[in-house]
Amino acid sequence: MLRPRTIQCPYCGEHIEILVDASAGDQHYIEDCQVCCRPISVSVWIGADEDVRVSVAGEDEG
């Protein structure tokens with residue numbers, strides 16, 4: 001189940017929309033910013049009630 005989420009790029013500050021696969025459980029991956037093309041470290045947590053939480057950081061921030 002893909003869910004859209006809006007995040008803010010830690011490099012350029014632009015708000016971009018990403019699709020999060022809520023059926024995959026907790027995950028961590030790198031996704032390039034659609035505006036500045038820099039690598040964003042994305043962490044996803046799925047709560048017991050299927051609430052999707054997303055945290056982003058610059059690749060060098062972990």
Side-chain angles (χ1 to χ4, degrees):
M1 157 185 334
L2 295 177
R3 296 189 181 178
R5 290 291 184 258
T6 300
I7 62 169
Q8 184 174 9
C9 175
Y11 299 104
C12 69
E14 290 291 324
H15 287 89
I16 59 174
E17 187 173 280
I18 62 171
L19 292 176
V20 176
D21 185 358
S23 66
D26 295 348
Q27 50 197 299
H28 180 82
Y29 60 92
I30 303 295
E31 183 162 327
D32 290 341
C33 174
Q34 300 161 4
V35 178
C36 71
C37 299
R38 303 269 316 261
I40 302 170
S41 178
V42 180
S43 295
V44 178
W45 298 274
I46 310 299
D49 58 355
E50 296 188 17
D51 180 44
V52 177
R53 292 177 288 156
V54 177
S55 174
V56 298
E59 187 180 39
D60 55 346
E61 297 172 26

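In this text the structure is predicted, and so the values were computed from the model without any measurement.
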Worked check of side chain to side chain contact (heavy atoms under 4.5 Å, CB included) between His28 and Ser41
CA-CA 7 Å; His28 180 82; Ser41 178; 2.7 Å; yes
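- Atom OG of residue Ser23 and atom CG of residue Leu2 lie 7.5 Å apart, to the nearest 0.5 angstrom.
- Of the possible polar contacts, one joining the Gln27 side chain to the Asp21 backbone as a donor-acceptor pair under 3.5 Å is found.
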List the steps and the verdict of side chain to side chain contact (heavy atoms under 4.5 Å, CB included) for Val44 and Tyr29.
CA-CA 9 Å; Val44 178; Tyr29 60 92; 4.1 Å; yes
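- Applying side-chain contact (heavy atoms from CB on, under 4.5 Å) to Cys33 and the options Cys12, Pro10, Pro39 leaves one that passes, Cys12.
- Taking every heavy atom of both residues into account, Glu17 and Gln34 meet most closely at O-NE2, 3.0 Å.
- Hydrophobic clustering (side-chain heavy atoms under 4.5 Å, transitive across Ile, Leu, Val, Met, Phe, Trp, Tyr) groups Ile16 together with Val20.
- A chain of hydrophobic side-chain contacts below 4.5 Å, direct or via other Ile, Leu, Val, Met, Phe, Trp or Tyr residues, connects Val54 to Val35.
- Taking CD from Glu59 and CG from Asp32, the interatomic distance works out to 9.0 Å, rounded to the nearest 0.5 Å.
- In this structure, Tyr11 OH and Ile40 CD1 are separated by 7.5 Å, a value rounded to the nearest 0.5 Å.
- In this structure a side-chain-to-backbone donor-acceptor pair under 3.5 Å is present from Asp26 to Ile46.
- Atom NE2 of His15 sits about 10.5 Å away from atom SG of Cys9, to the nearest 0.5 Å.
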Could you walk me through whether Val52 and Arg5 satisfy the side chain to side chain contact (heavy atoms under 4.5 Å, CB included) test, starting with their C-alpha distance in whole Å, then the side-chain angles of each, then the deciding distance to 0.1 Å, before giving a yes or no?
CA-CA 9 Å; Val52 177; Arg5 290 291 184 258; 3.5 Å; yes
